[in-house]
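Sequence lines set the chain letters: A, B, ... in the order given, protein chains first and strands last, and positions in each chain run from 1. Computation of the quantities below employed the complete heavy-atom set of this structure, encompassing side-chain atoms and omitting hydrogens, waters and symmetry-equivalent molecules.
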Number of protein chains: 2
Amino acid sequence: MGLTKTEIFTEEQNQLSMLLKALAHPARIAILQQIIAAKACICGDLVDELGLAQATISQHLKELKNAEIIQGTIEGVKVCYCINPKTWKLLEKQFGRFLGSYQSVDSCC
Amino acid sequence: MGLTKTEIFTEEQNQLSMLLKALAHPARIAILQQIIAAKACICGDLVDELGLAQATISQHLKELKNAEIIQGTIEGVKVCYCINPKTWKLLEKQFGRFLGSYQSVDSCC
DNA sequence: CATTACAATCGTAATATTGCGATATATAAT
DNA sequence: ATTATATATCGCAATATTACGATTGTAATG
């Protein structure tokens with residue numbers, strides 16, 4: 001046990017939960033906010049900004065990259081990270097539809 | 001190690017990531033979709049609908065309840081679950097703001 | 001080529017999550 | 001009271017996550 005039964009869920013349910021999982025950590029939220037705030041793409045400044053070790057930041061970046069929420073391009077010694085617009089749009093669409101499917105009726109318990 | 005350093009993040013970052021974490025599982029997405037689809041609140045029908053054991057569903061419901069995304073009221077032997085409109089609105093607001101803070105500029109890497 | 005600087009990866013410890021059988025609890029029906 | 005039905009909880013095993021020190025890999029610079 002201990003592993004999610006992805007096979008019993010729909011493609012959409014799995015995809016959405018995967019994206020949300022990638023976002024579901026305060027450090028990763030903070031990282032994304034930093035990347036967005038710095039109009040240009042920042043790099044290892046994240047290590048200074050947040051109070052986490054370099055290895056930890058790198059690991060969080062990897063997860064965001066795996067989920068294709070961000071993309072990184074090598075710029076000499078540094079690496080430049082930025083939002084992947086395609087996934088961001090997908091997230092807006094998918095999660096928007098999910099959230100919108102509920103209309104507060106307050107006819108319930 | 002192995003525990004999130006919540007103290008170094010903002011209230012908002014922690015709150016948003018906590019809500020997203022509660023949603024970040026295909027079973028919990030499916031549960032919420034069921035609850036929303038059944039206009040009235042359904043109960044243990046979830047166990048039949050999804051292919052998971054009763055104990056597992058109950059545990060997922062507990063997590064959603066802890067995050068205050070759903071609320072349950074006892075109706076005789078059964079329990080009636082439904083969306084907590086307050087938290088749903090909060091989620092729409094917080095996550096909407098987060099998503100909206102990025103404007104696809106494609107001026108980047 | 002040696003050095004420096006940045007970032008990724010490895011290894012490890014602590015903790016959390018997922019799933020389920022078994023059991024407990026609580027209400028309803030007989 | 002006994003039985004049936006619906007949920008919650010406990011305990012466990014398998015796996016995943018989080019964090020970080022140490023190391024490795026790359027590329028620019030002296």
Side-chain angles (χ1 to χ4, degrees), chain A residues 1-9 13-14 17-31 34-35 41-67 70-82 109, chain B residues 1-9 13-14 17-31 34-35 38 40-67 70-82 109:
Chain A
M1 314 288 126
L3 100 168
T4 303
K5 285 190 162 179
T6 44
E7 70 277 8
I8 67 171
F9 303 106
Q13 287 164 343
N14 284 318
S17 64
M18 196 145 64
L19 286 174
L20 294 179
K21 196 174 178 183
L23 299 174
H25 193 287
R28 292 197 287 274
I29 297 277
I31 286 173
Q34 277 289 327
I35 290 179
C41 355
I42 54 162
C43 331
D45 309 319
L46 291 162
V47 181
D48 303 319
E49 295 288 344
L50 313 179
L52 290 170
Q54 185 264 321
T56 308
I57 298 284
S58 197
Q59 211 173 327
H60 282 304
L61 286 169
K62 193 183 175 183
E63 276 184 76
L64 289 169
K65 233 188 315 179
N66 278 346
I70 60 171
Q71 56 201 175
T73 41
I74 300 163
E75 283 193 359
V77 198
K78 305 187 177 185
V79 175
C80 173
Y81 284 106
C82 60
C109 31
Chain B
M1 318 286 125
L3 99 170
T4 304
K5 285 188 163 180
T6 44
E7 71 276 10
I8 66 171
F9 303 106
Q13 287 164 343
N14 284 318
S17 65
M18 196 145 64
L19 286 173
L20 294 178
K21 196 175 178 182
L23 299 174
H25 193 287
R28 293 196 288 271
I29 297 277
I31 286 173
Q34 277 289 326
I35 290 179
C41 357
I42 53 162
C43 332
D45 310 319
L46 291 162
V47 181
D48 304 319
E49 295 289 344
L50 313 178
L52 290 170
Q54 185 266 319
T56 309
I57 298 285
S58 196
Q59 210 173 326
H60 283 304
L61 286 169
K62 192 182 176 184
E63 277 184 77
L64 289 169
K65 232 187 317 180
N66 278 345
I70 61 171
Q71 55 201 176
T73 41
I74 300 164
E75 283 193 358
V77 199
K78 305 188 177 185
V79 176
C80 173
Y81 283 106
C82 62
C109 31

inquiry  = So, taking the atom named OG in A/S17 and the one named NZ in A/K21, what distance separates them when rounded to the nearest 0.5 Å?
reply    = 7.5 Å
ask   = The side chain of B/S58 lies closest to which of these nucleotides: C/dG19, D/dA8, C/dA8?
value = D/dA8
ask   = B/Y81 side chain N/O closer than 4.0 Å to the phosphate oxygens (OP1, OP2) of D/dA8?
value = yes
query = What are the two closest non-hydrogen atoms of A/T6 and A/N14, and how far apart are they?
reply = O-ND2, 3.0 Å
request  = Taking only the side-chain heavy atoms of A/H25 (C-beta and beyond), determine which of C/dG19, D/dA19, C/dA8 contains the nearest atom.
outcome  = D/dA19
request  = Let me know the distance between CE of A/M18 and C1' of D/dA16, rounded to the nearest Å.
outcome  = 15 Å
query = Is B/E63 touching bases, backbone alone, or none of the nucleic acid, heavy atoms closer than 4.0 Å?
reply = sugar-phosphate
request  = Find the distance B/N66:CG to C/dA16:C1' and express it as a whole number of Å.
outcome  = 14 Å
query = How long is the gap from SG on A/C80 to CD1 on A/I74, to the nearest 0.5 Å?
reply = 11.0 Å
ask   = Looking only at side-chain N and O atoms, does B/K65 come under 4.0 Å of OP1 or OP2 in D/dA8?
value = yes
remark   = Sorted by number, residues from residues 72-80 of chain B placing a heavy atom under 4.0 Å from DNA chain D are B/V77, B/K78, B/V79
key: Which atom of B/F9 lies closest to which atom of A/L52, heavy atoms considered   = CZ-CD1, 4.1 Å
query = Which atom pair, heavy atoms only, marks the closest approach of A/A27 to A/L50?
reply = O-CD1, 4.1 Å
message = For A/K21 and A/C43, find the nucleotide of DNA chain C closest to each by heavy atoms; which residue's nucleotide sits nearer the 5' end?
response = A/C43
request  = Measure from CZ on A/R28 to P on D/dT17 and round the result to the nearest Å.
outcome  = 9 Å
message = Tell me the interatomic distance from B/N14, atom CG, to D/dT18, atom P, rounded to whole angstroms.
response = 13 Å
query = If you measure from CZ on B/R28 to CD on A/Q13, what distance do you get to the nearest 0.5 Å?
reply = 13.0 Å
key: Nearest non-hydrogen partners of B/I70 and B/Y81, listed with the distance   = CD1-CD2, 3.7 Å
ask   = A/A24 and B/L20: which non-hydrogen atoms are nearest, and at how many Å?
value = CB-C, 3.8 Å
inquiry  = Is A/H60 close enough to D/dT17 that one of its side-chain N or O atoms is under 4.0 Å from OP1 or OP2 there?
reply    = no
request  = Give, ordered by number, those residues of residues 45-57 of chain A having at least one heavy-atom distance below 4.0 Å to an atom of DNA chain C; if nothing qualifies, reply none.
outcome  = A/Q54, A/A55
task = Calculate the interatomic distance between A/Q59 atom CD and D/dT23 atom P; express it in whole Å.
result = 18 Å
ask   = Between A/H60 and A/H25, what is the ring plane arrangement, given parallel below 30°, perpendicular above 60°, and tilted in between?
value = tilted
